[in-house]
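Hydrogens, waters and symmetry mates play no part in the numbers below; they use all other heavy atoms, side chains included.
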Amino acid sequence: MSQMSIKKFSVAAGLFAFALLFFGSWIYGARIFSSFIRGLEGFAIFGLLTWLILQGWAALKSKENPEEDKGKGINLDQTA
């Protein structure tokens with residue numbers, strides 16, 4: 001998993017948490033400003049949590065197969 005896809009997935013999880021907390025708080029009677037603050041907190045917490053988990057997973061995955069990417073594409077110039 002590339003660094004860009006990890007960032008995109010983390011932002012998507014953060015935005016989902018923001019929307020869920022913002023609209024959920026607002027529907028249940030909170031004011032707009034406090035709902036917005038709760039949404040920002042959810043964005044920060046869940047986005048950061050997703051980013052940390054995926055970074056750890058990518059690090060473990062790269063330690064399992066370190067030679068997998070090194071030899072990729074070596075024999076492309078050879079013809080039969």
- Given a cutoff of under 4.5 Å between side-chain heavy atoms of I, L, V, M, F, W and Y, with clusters grown through shared members, what are the other residues clustered with Phe16?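 Besides Phe16, the hydrophobic cluster comprises Leu20, listed by chain and residue number.
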Decide whether [X] and [Y] are clustered together by the hydrophobic rule: side chain heavy atoms of Ile, Leu, Val, Met, Phe, Trp, Tyr closer than 4.5 Å, transitively.
X: Phe43; Y: Trp26; result: yes
X: Phe9; Y: Leu52; result: yes
X: Ile53; Y: Leu60; result: no

- Task: Tell me, please, which residues at least two apart from Phe46 pass side chain to side chain contact (heavy atoms under 4.5 Å, CB included).
- Result: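 Counting only residues at least two positions away or on another chain, Phe46 forms a side chain to side chain contact (heavy atoms under 4.5 Å, CB included) with Ala17.
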- Message: Using the side chain to side chain contact (heavy atoms under 4.5 Å, CB included) criterion, which residues pair with Leu40? Sequence neighbours excluded.
- Response: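 Residues passing side chain to side chain contact (heavy atoms under 4.5 Å, CB included) with Leu40: Phe18, Phe36.
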- Item | Rounded distance (nearest 0.5 Å) linking atom OG of Ser62 with atom CH2 of Trp57 |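 If we round to the nearest 0.5 Å, Ser62:OG and Trp57:CH2 are 12.0 Å apart.
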- Query: If you measure from OG1 on Thr50 to CD1 on Ile45, what distance do you get to the nearest 0.5 Å?
  - Reply: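 With rounding to 0.5 Å, OG1 (Thr50) is 11.5 Å from CD1 (Ile45).
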- Quick one: closest heavy-atom pair of Gln55 and Ile6, and the distance?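 That closest heavy-atom pairing would be NE2-CG2, 4.2 Å.
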- Query: Looking only at heavy atoms, what is the nearest atom pair of Gly42 and Leu21, with distance?
  - Reply: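 Scanning both residues, the minimum pair turns out to be CA-CD1, 3.4 Å.
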